[in-house]
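Convention: sequence-line order gives letters A, B, ...; per-chain numbering from 1.
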Number of protein chains: 2
Amino acid sequence: MSSMTAARISPPADRPRPGLRERKKIKTREAIRAATYALVEEQGYDATTIDQIAERAEVSPSTVFRYFPTKEDIVLTDEYDLVLAEELRARPKDEAWTDSIRHIMLAAARTGIKDDFEVAKLRTRLLVDVPAVRSRMMESMSVTGRLLCGAIAERTGRDPDSLEVRVHAMSLAGGLMETSLYWAENGHQGDFPALLDRALDVLQHGLGEEDS
Amino acid sequence: MSSMTAARISPPADRPRPGLRERKKIKTREAIRAATYALVEEQGYDATTIDQIAERAEVSPSTVFRYFPTKEDIVLTDEYDLVLAEELRARPKDEAWTDSIRHIMLAAARTGIKDDFEVAKLRTRLLVDVPAVRSRMMESMSVTGRLLCGAIAERTGRDPDSLEVRVHAMSLAGGLMETSLYWAENGHQGDFPALLDRALDVLQHGLGEEDS
DNA sequence: CATGAATTGAGAGTAGCTTCCAAAAGATGG
DNA sequence: CCATCTTTTGGAAGCTACTCTCAATTCATG
């Protein structure tokens, strides 16, 4: 689930030597993000303008937009969806795919939160407070949904574009997102992995003693 | 599900006489919406500016914003969530609440599409084409989610704010929204109520021969 | 070191959206 | 019918996210 609390599970691994250009790009990207996080903590999201971000990151405003299409993306973007997909594919193929998802989400949440508890909290808080951010996050939810479609299709042999698979994937994604929201709304009490576990139960088995 | 394909199930009913002021407000509101629909059909969503909308609706741009907080809302806003909630409450209380939802959604979809097939198509098409609209729609999904929380809580006696109920509600909302998207992406083939029916099956019973 | 490609900065421009104030129009009581 | 009060409207000014273009700079390559 992008921008939620996911983390790199496997390290970037072996890359020969990116060349100065690439390294500078990465540095700029992180400078912008760092500046944004800092400013948002200081003044709040809306009060933080792109110009301020640019100034603190020591780049021009145009550069900021070259790196991130929207302001919300600076706070939200991560590249974990891809990692998640890989990990999903790496699970034993005879494992129930619901279990695969459970394992991966839990692992991601655990390491993610350990890695950067403050960032995770800031992000989820913004999710609750700033409509634009929540909105953008929901956008990314549909990306995650498509991703899940692929995974589900692979395991069950169904058509990834079928209504059934898509509905199921999206309902999963929606439920997982709500979990993050719930966590943030309740002041980040309790540990997130435990919440995730409960949420996944509901998503797998419904609401318990129900009447379906 | 707001902005999807819902329709008034029960007519506005008995209101004494709204007074000229109220009537004018409603007329203005609908003028703005009509103007927007027309312009969007002619030129596309992005190419349509607020000024154009204002001009065609014969109001000032500021008035447009007085009636709709954002451009997306002009296309999306409807008041059916409330109606839906009422209808939900009107269902027999001993009915399985999943069945209640099924009945209401199906009824709403049927009459809604009959009422205004073109608008329903335009809306869902925008949902697919325009990220901002899709985004806004997802926002409203969370409103629908909260609504479902209330309904579910009433029937099951659970806490509407509990993680379990919220996750379940949101997964429902997500699945239903994906159904609209699916319908639109496939060129509005097949009838929507049938799709809804299949989607609700998945949401109630999972993906069939699975391993949970 | 020279040439070519990619990255950046600066500036102008668009459009969504907010805010504020004065003018117009509907409601209310005499 | 008029006077007053309230609500609604239009106009203008302004902020900011975001886009586009072009020249300058920086890195890569032979």
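Atom CZ of residue R134(A) and atom OG of residue S135(B) lie 10.5 Å apart, to the nearest 0.5 angstrom.
Whole-Å rounding puts the I50(A) CD1 to dT19(D) P distance at 10 Å. Residue I32(A) contributes atom CD1, which lies 14 Å from atom P of dA17(D) at whole-angstrom precision. Atom CG of D51(B) and atom P of dG11(D) are 11 Å apart (whole Å). Between the P atom of dG9(C) and the CD1 atom of I53(A) lies a distance of 15 Å, rounded to the nearest Å. The distance between atom CZ of F65(A) and atom C1' of dT7(C), rounded to the nearest whole Å, is 18 Å. Separating the NZ atom of K27(A) from the C1' atom of dT7(C) is a distance of 15 Å, rounded to the nearest angstrom. What separates NZ of K71(B) from P of dC17(C) is a distance of 8 Å, to the nearest Å. One atom, CZ of R29(B), and another, P of dT9(D), lie 12 Å apart when rounded to the nearest Å.
Contact annotation for S62(A): base contact, defined as any heavy-atom pair under 4.0 Å involving a base atom. At a threshold of 4.0 angstrom between heavy atoms, the contacts of F68(B) with the nucleic acid are absent.
For R23(B) against dG26(C), a side-chain-to-base donor-acceptor contact under 3.5 Å is absent.
Between Y67(B) and dT9(D) there is a side-chain N or O to OP1 or OP2 distance below 4.0 Å. Taking 4.0 angstrom as the limit, T63(A) places a side-chain polar atom (N or O) nearer than this to OP1 or OP2 of dG9(C). OP1 or OP2 of dT7(C) sits under 4.0 Å from a side-chain N or O of K25(A). Remark: K24(A) is not in phosphate contact with dT26(D), judged by side-chain N or O atoms under 4.0 Å from OP1 or OP2.
Along DNA chain D, the nucleotide nearest R66(B) and the nucleotide nearest P69(A) are compared for position; the residue whose nucleotide lies closer to the 5' end is R66(B). Comparing Y45(B) and L20(B) by the nucleotide of DNA chain C that holds the closest heavy atom to each, the one mapping nearer the 5' end is Y45(B).
For V165(A) against P160(A), the heavy-atom pair with the smallest separation is CG1-O, 3.9 Å.
Within 6.0 Å of the CD atom in Q43(A), the count of heavy atoms belonging to other residues, nucleotides or ligands exceeds 12. Around CD of E185(A), the count of heavy atoms belonging to other residues, nucleotides or ligands within 6.0 Å exceeds 12.
The side chain of T70(A) has dC18(D) as its nearest neighbour among dA28(D), dG11(D), dC18(D). Counting only heavy atoms from C-beta on, R21(B) has its side chain closest to dT7(D) among dT8(C), dT7(D), dC18(D).
Using bins of under 30°, 30° to 60° and over 60° for the plane-to-plane angle, the ring pair W183(A)/H188(A) lands in the perpendicular bin.
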